[in-house]
Amino acid sequence: MRTKILIIGVVAFFSFTFAQAQRGARIAYIDMEYILESVPEYQEASKQLEQKMQRWKGEIDQMSNEISQMKASLQNEKVLLTKELIEEKEEDISLKEQDLADYQQKRFGPQGDFLLQRQQLIQPIQDQVFNEVQKIGKQKKYDMLIDSSEAALLYSADRHDVSDLVLKAIGRTGKRKEAQEKQDARNNPVEDDEPYLSVVEAEEKEKKEQAKEDKKEAVQKAISERDAVRNEQRRVRDSAKAAKAAAYKARRDKLMADRKRRKDSVLAVRAAARAKKQAEIDARNAEKNKKTPPGGE
């Protein structure tokens with residue numbers, strides 16, 4: 001029985017393959033990079049993101065230069081510092097390096113601001129392109145539509161490139177939407193009449209709207225979770241800094257107190273020595289005065 005089923009499946013597969021070969025598969029491709037570069041909104045978003053990236057890189061370079069200066073300063077002053085002060089400066093450098101690593105992760109890490117904002121800026125445009133690609137694929141009855149920017153196409157005739165069709169469709173869609181909105185505003189400035197939708201179209205529209213809402217909620221949740229993690233990390237780091245600062249102050253106060261105590265002790269010993277010497281001098285003078293008779297005779 002299993003052998004019969006296997007034979008039937010193999011026959012069906014080869015029959016389908018033969019039918020495809022007979023009628024010829026319709027395949028086209030798009031160049032997503034070319035499409036995105038031709039969209040003004042994408043160019044503006046990329047420009048804004050590039051400006052932010054350059055500003056973040058400048059801040060990272062500034063922090064890195066500050067750390068380098070701290071290391072050079074410590075190296076030059078090391079011979080003049082006590083062991084406690086050297087350890088304290090090394091701790092400060094370590095904290096600065098940790099701050100730099102955290103900031104780099106915040107801006108350019110896997111969940112950093114750069115990738116997140118890039119996704120938020122590009123995703124709506126990609127969704128619009130995807131929708132138009134689906135429409136073109138169905139209208140032209142293509143079997144496959146390939147993104148040449150992701151797939152390695154060794155050769156393909158230009159007539160199979162439908163990138164310009166997608167761009168034109170995006171432009172027409174935008175103009176039709178703007179014209180329809182103006183017409184609706186003129187006809188009914190208070191309320192807009194929704195166009196009639198079939199059951200399938202209504203379900204598809206509802207699914208798309210729900211998907212957009214789910215995506216927004218997911219992004220907001222990710223941002224909230226990321227902020228919570230960063231706040232906790234910042235709290236722990238600030239607590240560690242405060243503890244180290246308190247420990248450093250305690251060590252410094254103890255060091256200064258020990259120095260003052262040693263200094264006071266040395267001064268006390270010196271004062272006692274001077275007093276003893278003065279007492280000896282006074283005693284010798286008194287002894288001389290006793291031996292010398294009045295009048296010097």
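Quantities reported herein were computed from a predicted structural model and do not represent experimental measurements. Values below: all heavy atoms of this structure, side chains included; hydrogens, waters and symmetry mates excluded.
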First locate atom CG of D214, then atom NZ of K221, and finally report the distance between them rounded to the nearest 0.5 Å.
11.5 Å
Hey, could you give me the NZ/CD1 distance between K138 and I136, rounded to the nearest 0.5 Å?
12.5 Å
If you measure from the Lys or Arg side-chain nitrogens to the Asp or Glu carboxylate oxygens, is any gap between D102 and R234 under 4.0 Å?
no
Mind checking whether R118 and S46 have side chains closer than 4.5 Å, heavy atoms only?
no
Of all the heavy-atom pairs spanning Q105 and P110, show the shortest one and how long it is.
NE2-CD, 3.3 Å
Counting heavy atoms not belonging to Q62, are there more than 12 under 6.0 Å from its CD?
no
Residue set satisfying salt bridge (Lys or Arg N to Asp or Glu O under 4.0 Å) with E232, at least two apart, ordered chain then number -> R235
Taking salt bridge (Lys or Arg N to Asp or Glu O under 4.0 Å) as the definition, give me every residue that meets it alongside K260, ordered by chain and number, with sequence neighbours left out.
D264
List for me each residue that meets side-chain contact (heavy atoms from CB on, under 4.5 Å) alongside S38, sequence neighbours excluded, and say none if there are none.
Y34, L167
Out of curiosity, K106 NZ to D99 CG, how far, rounded to the nearest 0.5 Å?
11.5 Å
Can you name the residues that form a side-chain contact (heavy atoms from CB on, under 4.5 Å) with Q69, not counting sequence neighbours?
none
Is a salt bridge present between K254 and D258, judged by a nitrogen-to-oxygen distance below 4.0 Å?
yes
Check the hydrophobic clustering (I, L, V, M, F, W, Y; side-chain heavy atoms under 4.5 Å; chains of links allowed) and say if I86 and L255 are grouped together.
no
Say whether, by atom type as modelled, one donor and one acceptor occur between the side chain of E37 and the main chain of Q43 under 3.5 angstrom.
no
Output all residues satisfying side-chain contact (heavy atoms from CB on, under 4.5 Å) with A28, sequence neighbours left out; order by chain, then residue number.
Y142, L145, V162
What I want to find out is whether K249 reaches D253 closely enough, with some N-O distance under 4.0 Å, to be called a salt bridge.
yes
Passes side-chain contact (heavy atoms from CB on, under 4.5 Å), Q233 versus V229? Steps please.
CA-CA 6 Å; Q233 291 176 345; V229 171; 3.6 Å; yes
Separation between CD (Q104) and CD1 (I60), nearest 0.5 Å, reads 5.0 Å
Evaluate the side-chain proximity of E132 to K135: yes if any heavy-atom separation is below 4.5 Å, no if none is.
yes
Interatomic spacing from NZ in K277 to CG in D282 - rounded to 0.5 Å:
12.5 Å
Going through the distances and angles, do R26 and D143 end up as a salt bridge (Lys or Arg N to Asp or Glu O under 4.0 Å)?
CA-CA 5 Å; R26 288 177 57 82; D143 295 299; over 6 Å; no
Which ILVMFWY residues are connected to V79, directly or by a chain of links, through side-chain heavy atoms under 4.5 Å apart?
L80
By salt bridge (Lys or Arg N to Asp or Glu O under 4.0 Å), D127 pairs with (sequence neighbours left out) K215
Please list, chain by chain and in numerical order, all residues satisfying ring pair (Phe, Tyr, Trp, His ring centres under 6.0 Å) with F114, sequence neighbours excluded.
F108
Sorted by chain and residue number, the salt bridge (Lys or Arg N to Asp or Glu O under 4.0 Å) partners of D238 (sequence neighbours excluded) come out as none
Report the residue from M256, K263, R261 that forms a side-chain contact (heavy atoms from CB on, under 4.5 Å) with R259.
M256
Using a 4.5 Å cut-off on heavy atoms from C-beta on, say whether the side chain of K71 contacts that of E97.
yes
Given side chains that start at C-beta, do those of E280 and R284 come closer than 4.5 Å, heavy atoms only?
yes
With side chains defined as the heavy atoms from C-beta onward, is the minimum distance between L116 and Q111 less than 4.5 Å?
no
Find out whether I35 and D31 are in side-chain contact, i.e. whether some heavy atom of one side chain is under 4.5 Å from a heavy atom of the other.
no
Close side-chain approach of F130 to V166, heavy-atom, < 4.5 Å:
no
Give every donor-acceptor pair under 3.5 Å between a side-chain atom in residues 88-95 and any protein atom, sequence neighbours left out.
residue: E88; atom: OE1; partner: R251; partner atom: NH2; Å: 3.1

Keeping to residues at least two apart or across chains, list the salt bridge (Lys or Arg N to Asp or Glu O under 4.0 Å) pairs with something in residues 43-55.
none
Residues at least two apart in sequence or cross-chain that pass side-chain contact (heavy atoms from CB on, under 4.5 Å) with K96, listed by chain then number, are E66, I67, M70
Which atoms form the tightest heavy-atom contact between R252 and L85, and what is the distance?
NH1-CD2, 3.5 Å
